[in-house]
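Each chain gets a letter, A, B and so on, in the order its sequence line appears, and its residues count up from 1.
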There are 2 protein chains.
Amino acid sequence: MSHSLGVRQAQKQKTRQALLDAALGLLEEQSLSSLGLREVTRVVGIAPTAFYRHFRDMGELGVVLVEEALGSLHVMVRAILAEQDGAEERIDRTVAVVEQHVRRYPLHIRFVARERHGGVRAVRQAIAGELDRFAEEVAAALKSQPVSEGWCDDDVRMLAELYVDRLVTTAAALLDAEADGAEGAAEQVVRVARRQLRLISIGRRHWREEHQE
Amino acid sequence: MSHSLGVRQAQKQKTRQALLDAALGLLEEQSLSSLGLREVTRVVGIAPTAFYRHFRDMGELGVVLVEEALGSLHVMVRAILAEQDGAEERIDRTVAVVEQHVRRYPLHIRFVARERHGGVRAVRQAIAGELDRFAEEVAAALKSQPVSEGWCDDDVRMLAELYVDRLVTTAAALLDAEADGAEGAAEQVVRVARRQLRLISIGRRHWREEHQE
DNA sequence: TCATCCAGTAAACAACCGTTCTCCGAACTA
DNA sequence: TAGTTCGGAGAACGGTTGTTTACTGGATGA
């Protein structure tokens, strides 16, 4: 697989990743705009000045974190939407995938939820763009389903945004529920999310017959 | 009007409010956890140490801002839900009220959207608590509507949370749309929000006949 | 009128910040 | 092997931060 990248570049990528990981860890309890450059390098164990070898500032690091956090989502959504089961099974599967994603990458989820409306413009825009691409994929998948016959593109997109937003909100709620340590809280969130998606699904099926402009 | 409150206390409340206003202004482009005490007092024009006469730290100020921002919402939602028009009219009215609320108190909305998942625990909890009370009010109002006959309390609450979350998300999206300066962006957000609420409303009407547990 | 209260002031504190500049030494390349 | 590249170290910079301590002067209430 290519020519092993060289010792020099390998080391560089290693500390670069260490910076990203350290930042992500520290961001569990702060927001990006209050996270200091020195704070991150201290955790990694390198001099503060070495930070500049990898990122111009914390904003740039934040944008990379966004890609790292939201990149894996696309694979996930494809897997869900490709299935051809009934609506009920797809809902259960969707919520289950969100649930395990939250459990596997809690720090990434928290970061996105926090910085989506956070204080760093570049990061906000990166998240918005990524979620937009996400919604576009969902819309494309929804459109190809039989239930969407006769729907105009705007309405499909509207529904897709509704879904995406619900998933993001659910993920954040799930995270808070687990952090608060309440025992059945997480299951409660999951049950509510399932029913909400079910209600939306019902509304979708009756959209054409009841919706008039 | 009571007994005019005294010159002393009046002055104190005045600078206290000035601190809150200055902070809210500065928070348009930062998050609370990166907002400094000195920064706020500098804008108000008082000595940094005077801050402690009003708040223990920025977190405490943030909690007060939450009450200030979300307190007026309750009046708003009561006004909407008390109306007895048809579903369609209620949706239009709801979105219109959200729209004018965003235009009147943009800084408050931005603050809530930003700090809802922000880096200060006390503020997050304050927002969560307030939104919870909000959802409870909506649930109570929904329950008394004829459409909700035969609904169990859990389902009503589930629907209420769906509505509340949609309103908050819409408000934030509306804010971003206006900030970005794109001409028709705000109207687009409003139209999408209306259709989403419509779809939810349709799902609600068919919930009992299609939902089985 | 006079003692008391108390919002705001002023100075000083140690701690931290981002950033620049210079240098080192190991990995690269020719 | 000799020369170059470059990730990282180290020191120093001016500036900002939260917090403490002691003080001032006008509103307050007996």
Side-chain angles (χ1 to χ4, degrees), chain A residues 2-23 25-27 29-65 115 118-123, chain B residues 1-27 29-65 115 118-123:
Chain A
S2 79
H3 46 358
S4 73
L5 211 63
V7 178
R8 193 76 149 280
Q9 291 206 19
Q11 249 308 322
K12 177 165 185 181
Q13 279 205 342
K14 208 168 170 182
T15 73
R16 182 187 141 107
Q17 190 59 46
L19 284 169
L20 289 167
D21 293 345
L26 290 166
L27 285 172
E29 289 168 352
Q30 322 177 29
S31 52
L32 186 63
S33 61
S34 73
L35 179 61
L37 165 163
R38 294 182 104 106
E39 210 172 338
V40 179
T41 55
R42 200 180 304 131
V43 172
V44 176
I46 62 174
T49 53
F51 180 89
Y52 295 105
R53 302 290 180 192
H54 303 273
F55 308 99
R56 187 181 306 275
D57 51 28
M58 289 295 306
E60 196 172 294
L61 181 144
V63 171
V64 175
L65 273 184
E115 302 302 330
V120 183
R121 186 186 308 268
V123 172
Chain B
M1 17 208 85
S2 72
H3 47 357
S4 73
L5 212 63
V7 179
R8 187 86 140 257
Q9 291 208 17
Q11 249 307 322
K12 177 165 186 181
Q13 280 206 340
K14 208 168 171 182
T15 73
R16 181 187 141 108
Q17 190 58 47
L19 284 170
L20 289 167
D21 293 346
L24 195 60
L26 290 167
L27 285 171
E29 289 169 352
Q30 338 179 14
S31 53
L32 186 61
S33 61
S34 73
L35 179 60
L37 163 167
R38 295 182 105 107
E39 210 172 338
V40 179
T41 57
R42 199 180 305 131
V43 171
V44 176
I46 61 175
T49 52
F51 181 89
Y52 295 106
R53 302 289 180 193
H54 303 273
F55 307 99
R56 187 182 307 275
D57 52 27
M58 288 296 305
E60 196 172 294
L61 182 145
V63 171
V64 175
L65 272 184
E115 301 303 330
V120 184
R121 185 187 308 270
V123 172

Peer 1: If you check the B/Tyr52 side chain, which of C/dG8, D/dT19, C/dT19 turns out closest?
Peer 2: D/dT19
Peer 1: Do A/Leu61 and A/Arg56 have side chains that get closer than 4.5 Å, going by heavy atoms?
Peer 2: no
Peer 1: Answer yes or no: does a side-chain N or O of A/Arg8 lie under 4.0 Å from OP1 or OP2 of C/dG25?
Peer 2: no
Peer 1: Between B/Gln11 and A/Asp57, which residue's closest nucleotide on DNA chain C lies nearer the 5′ terminus?
Peer 2: B/Gln11
Peer 1: Given C/dA27, C/dA12, D/dT28, which nucleotide is nearest the side-chain atoms of A/Val7?
Peer 2: C/dA27
Peer 1: Do A/Met58 and A/Phe51 have side-chain heavy atoms sitting under 4.5 Å apart?
Peer 2: yes
Peer 1: Can you tell which of D/dA11, C/dT9, D/dT16 lies closest to the side chain of B/Arg42?
Peer 2: D/dT16
Peer 1: Looking only at the side chain of A/Arg53 (C-beta and beyond, no hydrogens), which of the listed nucleotides C/dG8, D/dT17, D/dG8 gets closest?
Peer 2: D/dG8
Peer 1: For the side chain of A/Lys12, counting heavy atoms from C-beta on, which of D/dG7, C/dT9, C/dC28 is nearest?
Peer 2: D/dG7
Peer 1: If the cut-off is 4.0 Å, is B/Thr15 near the phosphate of C/dG8, judged by side-chain N/O to OP1 or OP2?
Peer 2: yes
Peer 1: Wobble G-U and Watson-Crick pairs count when both distances are under 3.5 Å; given that, what is the 5' to 3' dot-bracket string of DNA chain D, with | for pairing to other strands?
Peer 2: ||||||||||||.||||.||||||||||||
Peer 1: Decide yes or no for B/Glu60 and B/His54: does some side-chain heavy atom of the first lie under 4.5 Å from some side-chain heavy atom of the second?
Peer 2: no
Peer 1: Set out, in order, the CA-CA distance, both residues' side-chain angles and the distance that settles side chain to side chain contact (heavy atoms under 4.5 Å, CB included) for A/Asp57 and A/Tyr52, then state yes or no.
Peer 2: CA-CA 7 Å; A/Asp57 51 28; A/Tyr52 295 105; over 6 Å; no
Peer 1: When you compare the side chain of A/Leu65 with that of A/Leu27, does any pair of heavy atoms fall below 4.5 Å?
Peer 2: yes
Peer 1: Inspect the surroundings of CD in A/Glu29 and state if more than 12 heavy atoms from other residues, nucleotides or ligands are less than 6.0 Å away.
Peer 2: no
Peer 1: Closer to the 5' end of DNA chain D via nearest nucleotide, is it B/Leu37 or B/Gln9?
Peer 2: B/Leu37
Peer 1: When you match A/Arg56 and B/Gly45 each to their closest nucleotide on DNA chain C, which lands nearer the 5' end?
Peer 2: B/Gly45
